[in-house]
Amino acid sequence: MSQHTVDLSGLASHLPGSAAGDPGDAIARGLAASAPRPTYLAVADVSKRFGDFTALKNVSLDVREGEFVCFLGPSGCGKTTLLRAIAGLDIQNSGTIRQAGRDISALPPEERDFGIVFQSYALFPNMTVRQNIAFGLENRGLRRPAVAARVDELLHLIDLSAHGHKYPSQISGGQQQRVALARALAPSPGLILLDEPLSALDAKVRLHLRAELKQLQARLGVTTVMVTHDQDEALSIADRIVVMNMGVVEQVGTPQEIYDAPASQFVADFIGAMNFVEGVMLNPDEVMVGDLTLVLRRQARPAAAGERVVVAIRPEDVRVLGADAHAEWEHVNRVAVEVAAVEFLGSHVRASLRHPAFPAKPLVAQLSQSVARALQIVPGRRLDVVLPTDRLRVYEALRPHGAAAGAVHG
Amino acid sequence: MTRTTILAAAAAFLGLAGAATAGEITVYTALEADILPVYKKSFEEKHPGTTIRWVRDSTGIITAKLLAEKNNPQADVVLGTAATSLLLLDAEGMLQPYAPEGVKKIEARFLDKNTPPAWVGTNAWAAALCVNTAEMEKRKLPIPASWADLTKPEYKGLIVMPNPASSGTGFLDVSSWLQIFGEEKGWAYMDALDKNVATYTHSGSKPCSLAASGEYPIGISFEFRAARLINQGAPLVAVIPAEGIGWDMEASAIIKGTDNEADAKKLMDWAVSDEAMKIYAKNYAILGNAAFEEPIKNLPANLKTKLIDNKFDWAAANRAAILQEWQRRYDAKSEPKKG
Amino acid sequence: MARLRAPSMADLALGAPSAPLIRPKAGRDDRLMLAFVLMIGAYLVVSLALPLGFMLWKSAEVRAFAYGVVELQVDVGQGFLSLGTLEEAAPRLGLADPVDQARRSASLTAAQLFPDARFGERPLSAVRMRLSGGASDGVLELGGKAAASGEWVEAGPRDLRRLVLRAGTIRSLGNYIAYFSNPALTNSIVNSLVVSLSTTLITVLAAFGFAYALQRTCMPLKGLFRTIAMVPILVPSLLAGLSLVYLFGNQGLLKGLMMGSSIYGAPGIVAGCVFFTFPHAFLIIATALAISDARLFEAARALRTSPTRTFFNVTLPGARYGVISAAFVVFTLTITEFGVPKVVGGDYNVLAVDIYKQVVGQQNFAMGAVVSVILLVPAVIAFVVDRLVTARQVALLTARAVPYAPSRNRALDASAFLFCCVVAGLLLLVLGVAQYASLVKFWPYNLTLSFAHFAFEGVDGGGWESYFNSLRMAFYVAVIGTAVVFVGAYLVEKGRGFAAARAGLHFLAMMPMAIPGLVLGLAYIFFFNDRANPLNVVYGTMAILVISSITHFYTVSHLTALTALKAMDKEFEAVAASLKQPVTRVFTRVTLPVCLPTALDIAAYYFVNAMTTVSAVVFLYAPSTTLAAVAALNMDDAGQIQGAAAMCMLIFYTNLGARMVHALLSRGLARTQAWRIR
């Protein structure tokens with residue numbers, strides 16, 4: 001938990017359901033990210049309806065001990081509903097949730113073991129920073145000095161030791177966010193739930209706090225679930241990401257897995273930029289796009305021949321001949337295109353490439369500024385690109401929107 | 001705060017008003033508010049340890065209140081309320097017959113005919129006209145001297161009288177007219193009078209007050225209020241109409257089921273006592289014990305001779321029918337037609 | 001390839017065997033909050049829904065004699081002779097139809113059947129009656145003692161008066177039929193509508209002008225005008241009636257202005273109602289004008305729209321919901337108003353006074369209930385429309401508008417100032433006249449000044465005792481009412497789960513606004529005065545006055561509390577739960593301190609209204625709990641108008657004091673609450 005104090009194990013033993021164990025252990029756990037860790041939170045087959053609207057549909061996932069997991073998805077995807085179900089604030093209609101082996105499915109929030117930070121922070125306006133942090137430590141049989149010591153420790157942890165006497169309205173948004181976090185951490189809960197904790201902040205403060213949050217979590221090793229709609233945030237902060245859409249889990253994986261191998265067209269579309277072109281499967285290894293035949297690496301679950309599919313490739317994976325050494329001797333999936341438009345993006349340019357095989361939507365390629373300059377990428381320029389076989393992904397044509405459900409808590 | 005705590009708070013702080021305390025008697029009365037303290041003082045001096053808690057309202061309301069509480073009487077004694085009302089209560093079996101000490105000194109017409117009497121009359125009050133002399137002078141109008149005068153066109157819009165449905169005085173007037181003129185002519189008289197009446201008031205004393213302030217210069221009211229207001233400096237004269245006037249007794253009775261019968265009896269004894277009569281004499285011209293009668297300042301001396309032979313039983317029995325007819329004829333007024 | 005499978009039925013069906021349904025376990029907080037919801041809900045049911053329901057039920061109950069089940073025997077000296085049932089004997093005894101007879105009098109004595117104790121020509125020596133029927137057939141009594149069903153009751157000639165048959169009841173719409181076939185009563189419907197519509201028109205116009213002047217011009221003394229506009233709230237409405245009598249009555253100071261017509265009747269009612277409804281309309285319209293969007297006016301100026309067109313095309317539409325809402329509020333206040341028409345109505349009958357007359361004057365509770373139901377109709381309609389309109393107004397408010405800042409315009413500012421002077425002058429005139437009248441020795445013949453009328457000696461109504469009762473009651477209402485309302489609103493807004501119970505509580509909390517005070521009071525008589533009701537103990541106590549006042553003014557207080565609570569972060573309770581702190585601790589440590597200014601507002605509102613209300617308590621006060629405003633009414637009733645004016649002024653100064661205390665407390669609070677300062 002913390003390196004510079006007092007005996008916190010005594011405190012922890014006073015707190016029902018708090019993560020037991022030596023603080024040193026926790027740090028070790030946090031650092032040893034690659035080691036397989038036991039499941040701490042298990043969500044199984046959870047469904048939740050609000051009237052006619054289905055917010056969660058048979059959601060199952062595991063969060064391992066000490067892990068930082070992000071629920072990511074557009075608004076209305078059910079991520080907040082899931083978080084609130086875990087907190088016991090909106091209990092699911094069916095399915096079970098187990099925390100540290102205990103079935104908490106039906107428990108009211110006060111009988112569960114978690115700390116929570118909301119988007120609004122919900123700091124008590126009439127209490128000072130100290131009083132806010134101390135709020136959860138009172139009425140627990142702790143002596144005043146112990147409470148004060150714990151508050152001091154947390155103030156130090158969030159670097160606000162000088163601001164303890166201030167009221168929430170007298171400190172900045174970022175400071176408020178840290179106070180809310182400290183308040184949630186104060187009773188040493190086994191689980192921290194963060195509901196869009198950064199979205200009310202300025203972009204700069206947000207980037208800074210994002211890093212700080214990650215660092216803090218790693219240091220404390222407390223299992224953390226964060227809800228966000230910001231993919232950058234999720235990709236940068238999470239150990240694993242749960243991508244949700246329309247009440248179902250689309251994919252669970254590390255940021256790398258999610259980015260590199262989106263499991264569905266939705267994930268592919270939602271995370272990062274992606275080109276999509278329509279095609280028809282010729283066989284498990286080849287897909288026909290217009291008059292082009294593209295070779296692909298065999299997919300995990302191949303589609304049948306003749307099936308209509310969507311072929312996807314990220315703009316940065318499009319290799320432009322002359323810029324990419326590998327592309328020179330690559331003959332597979334080599335396509336001659338014409339530059340339709342160029343978009344300047346600071347360090348990068350984004351080139352829209354036209355080809356008769358995808359007349360409606362040009363293929364977007366992302367190039368570094370220097371490459372674009374060297375190759376004189378300007379509208380009307382003809383060039384060859386390679387679509388690497390291991391970078392092409394094929395998805396079932398996307399379900400029409402609204403087939404599943406409408407929107408609720410995002 | 002919960003409902004239980006409200007009730008608890010109510011019990012703790014507010015106290016329960018209906019609860020009787022030892023040595024306290026709850027007395028319902030229609031007497032004028034300003035004479036109650038005098039009665040109370042006299043009684044409580046005579047019977048230290050017993051206090052009176054007054055419940056005062058107009059005759060109609062006191063009667064209705066007692067009727068409404070019939071199954072759960074709150075009053076121990078009803079004091080100084082029209083005999084016609086007590087007849088009604090007696091019919092409901094609500095009165096506890098009792099012959100107070102000294103009842104023999106009271107004139108027979110002041111007593112209930114049963115022995116022991118269910119109620120005892122102590123003094124009487126009578127209808128009177130309150131006429132504002134200043135206003136009459138201003139208008140150069142003669143002071144009316146009879147009921148018949150009131151129907152003259154020159155008094156149009158100058159007269160107020162109490163609504164008999166809500167005021168005992170009002171009913172007294174109506175029932176006396178029906179007795180004086182006979183039923184048919186009585187209604188004809190009221191038809192004519194109605195044309196001159198500016199408004200019917202809720203209470204019996206308001207017409208006199210309105211006359212006193214000149215708002216409406218002629219008020220059909222009662223003699224006691226007239227004398228009072230004249231004493232307060234109102235430019236009024238009390239007129240006893242020549243045809244005769246209706247009157248009623250201030251009667252008293254014990255309410256059956258009282259849990260304080262001993263004190264209630266003490267009050268009844270006091271009500272017919274000589275010292276009580278002396279007090280009545282200051283305000284009332286006609287007493288149950290005529291020996292104590294004195295002329296009342298500012299009231300005509302012929303008052304007693306003008307009292308009609310009031311048939312209380314008839315009035316009580318026909319009250320509902322009379323009121324129904326009255327309302328049918330005059331209560332339908334919906335426009336401020338006069339004044 | 002991931003998730004190529006289309007969602008199957010199994011995916012869509014919830015609660016499939018594999019996923020057990022979850023029944024959330026109620027926590028300590030849930031149980032506590034549900035308990036409070038049920039308690040406050042029960043309070044509102046008992047103090048509002050049940051009495052009203054009971055009254056409705058009773059209004060369809062008609063008294064009737066059960067002639068058919070009463071047998072009669074007479075003894076004229078030769079033993080008892082049967083006359084059969086009363087039904088058979090009715091023509092011979094001159095009895096009317098059972099319902100008509102009961103309408104004349106609910107009890108029938110043997111003395112009425114046999115006047116002069118005779119049967120035909122012969123003197124009676126005894127009469128026997130027996131009633132064989134159920135509870136709804138009435139009771140047969142001798143000397144107040146009820147006879148058992150089927151038991152013969154015998155009375156001698158002297159006791160005939162004591163042999164009483166009481167009417168039973170039958171369910172019928174007879175009361176309504178009687179109401180609608182009595183033009184004296186139905187006229188009141190038209191009269192009520194006439195005065196309410198006239199008042200609404202005048203008040204809304206005046207209030208709009210006043211509010212417009214305050215919000216849209218740069219005239220001076222705005223603060224003073226705003227304060228003066230609030231004066232009528234601090235006095236019982238009947239004060240306006242009293243002042244009108246002194247101003248325009250037959251001895252009025254300004255009688256000449258009436259040009260021969262009388263203030264008594266519709267003119268007086270309208271004038272008095274305009275006075276007391278003015279601040280309500282003003283507040284609503286001023287709020288509506290305050291939130292109008294300045295950008296629209298800039299656009300109008302940019303388009304060179306004429307001021308007149310701007311007024312009709314921008315100002316009026318922008319404030320239309322406020323104007324409509326004000327109109328309905330004024331209409332409701334007027335049609336349910338009782339004090340003003342009671343004092344200056346003369347013989348111009350209106351519905352509210354009819355209820356009073358039926359109940360207090362004639363003790364005809366059933367007809368009072370019928371008139372109450374009639375009065376409920378426009379009140380409920382106005383309430384519903386007002387709620388709909390208010391909802392739209394709120395929608396306007398949330399659309400981030402830029403507040404309008406008026407610019408100088410000499411002609412407009414001058415005429416606005418003049419208008420406000422006239423209106424404020426009239427308001428102060430009404431107050432001033434009442435003050436003057438209360439200080440004059442004997443109006444209008446002895447105009448020397450004295451405090452004699454403030455001694456309340458020898459007057460009706462209870463004098464100073466009533467005043468202190470009122471103070472006590474207003475204090476209880478303010479303290480208890482604020483607590484109940486605030487906790488109730490907290491549960492409605494912040495409770496978790498049991499949504500239906502909370503919605504029910506909110507519905508109950510909104511109801512009182514649609515219920516006129518007199519109707520509520522009458523419903524209380526029916527409900528609480530029923531011996532079978534265990535809550536009967538509160539009848540005739542201070543408690544019932546406190547309950548009726550709290551309930552009567554519940555809605556506005558509830559809405560005020562809700563507004564404050566909605567402004568609080570909705571996650572405080574969730575945070576507290578996560579920190580394992582009971583909801584009571586959030587409530588006392590956070591919600592209450594933060595909302596303290598609002599709680600003070602509610603308490604002040606309750607206090608002032610409890611001091612001035614007549615309608616909610618006029619049927620319910622007992623001898624030991626007479627109240628100041630009712631005393632004023634009763635003094636007026638007895639013709640002691642100067643005493644009534646004195647009492648009204650006493651209430652005014654008390655409320656003024658309460659308002660000042662409120663202002664001081666609010667200011668003091670703002671100073672101690674450092675956290676409010678950014």
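Below, each value reflects all heavy atoms present in this structure, side chains not excepted, and no hydrogens, waters or symmetry copies. Computed from a prediction, not measured in an experiment: that's the story for all the values here.
Atom CD1 of B:Ile254 and atom CG of B:Leu95 lie 9.5 Å apart (nearest 0.5 Å). Note that the OG1 atom of B:Thr29 and the CG atom of B:Leu79 stand 5.5 Å from one another [nearest 0.5 Å]. For the atom pair CD1 of C:Ile641 and CD of B:Glu215, the computed distance is 6.5 Å after rounding to the nearest 0.5 Å.
Checked by atom type, the side-chain pair C:Lys357/B:Asn163 shows no donor-acceptor distance below 3.5 Å.
Of all heavy-atom pairs spanning B:Asp76 and B:Glu24, the tightest one is OD2-O, 4.1 Å. Shown here for C:Ala178 and C:Met367, the closest heavy-atom pair between the two residues is CB-CE, 3.9 Å. Residues B:Ser221 and B:Cys208 share a closest heavy-atom pair of OG-CB, 3.4 Å.
Only the side chain of B:Asn132 has a heavy atom closer than 4.5 Å to any heavy atom of chain C. For B:Arg319, no part lies under 4.5 angstrom from a heavy atom of chain C. Contact of C:Lys441 with chain B is not made at all, since no heavy-atom distance falls under 4.5 Å. There is no contact between B:Thr201 and chain C, counting heavy-atom distances below 4.5 Å. When heavy atoms are compared at a cutoff of 4.5 Å, C:Asn446 does not approach chain B at all. Of the atoms belonging to B:Pro97, it is side-chain heavy atoms, and not backbone ones, that fall under 4.5 Å from chain C. For B:Ala134, the part lying near chain C is the side chain, with the backbone staying farther off; criterion is any non-hydrogen pair under 4.5 Å. Looking at C:Asn634, there are no atoms closer than 4.5 Å to chain B (heavy atoms on both sides), in backbone or side chain.
Put simply, of B:Gly204, B:Gly233, B:Ser167, B:Pro235, the one with the most heavy-atom pairs under 4.5 Å next to chain C is B:Pro235. Between chain C and the residues B:Pro162, B:Pro37, B:Ala212, B:Ala118, the largest count of heavy-atom pairs under 4.5 Å involves B:Ala212. Heavy-atom pairs under 4.5 Å with chain C peak, among B:Pro217, B:Gly219, B:Gly257, B:Gly214, at B:Gly214.
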Apply the test side-chain hydrogen bond (donor to acceptor under 3.5 Å, both in side chains) to residues C:Asn469 and C:Thr625: give CA-CA distance (whole Å), side-chain angles for both, the deciding distance (0.1 Å), then the verdict. CA-CA 6 Å; C:Asn469 282 340; C:Thr625 58; 6.0 Å; no
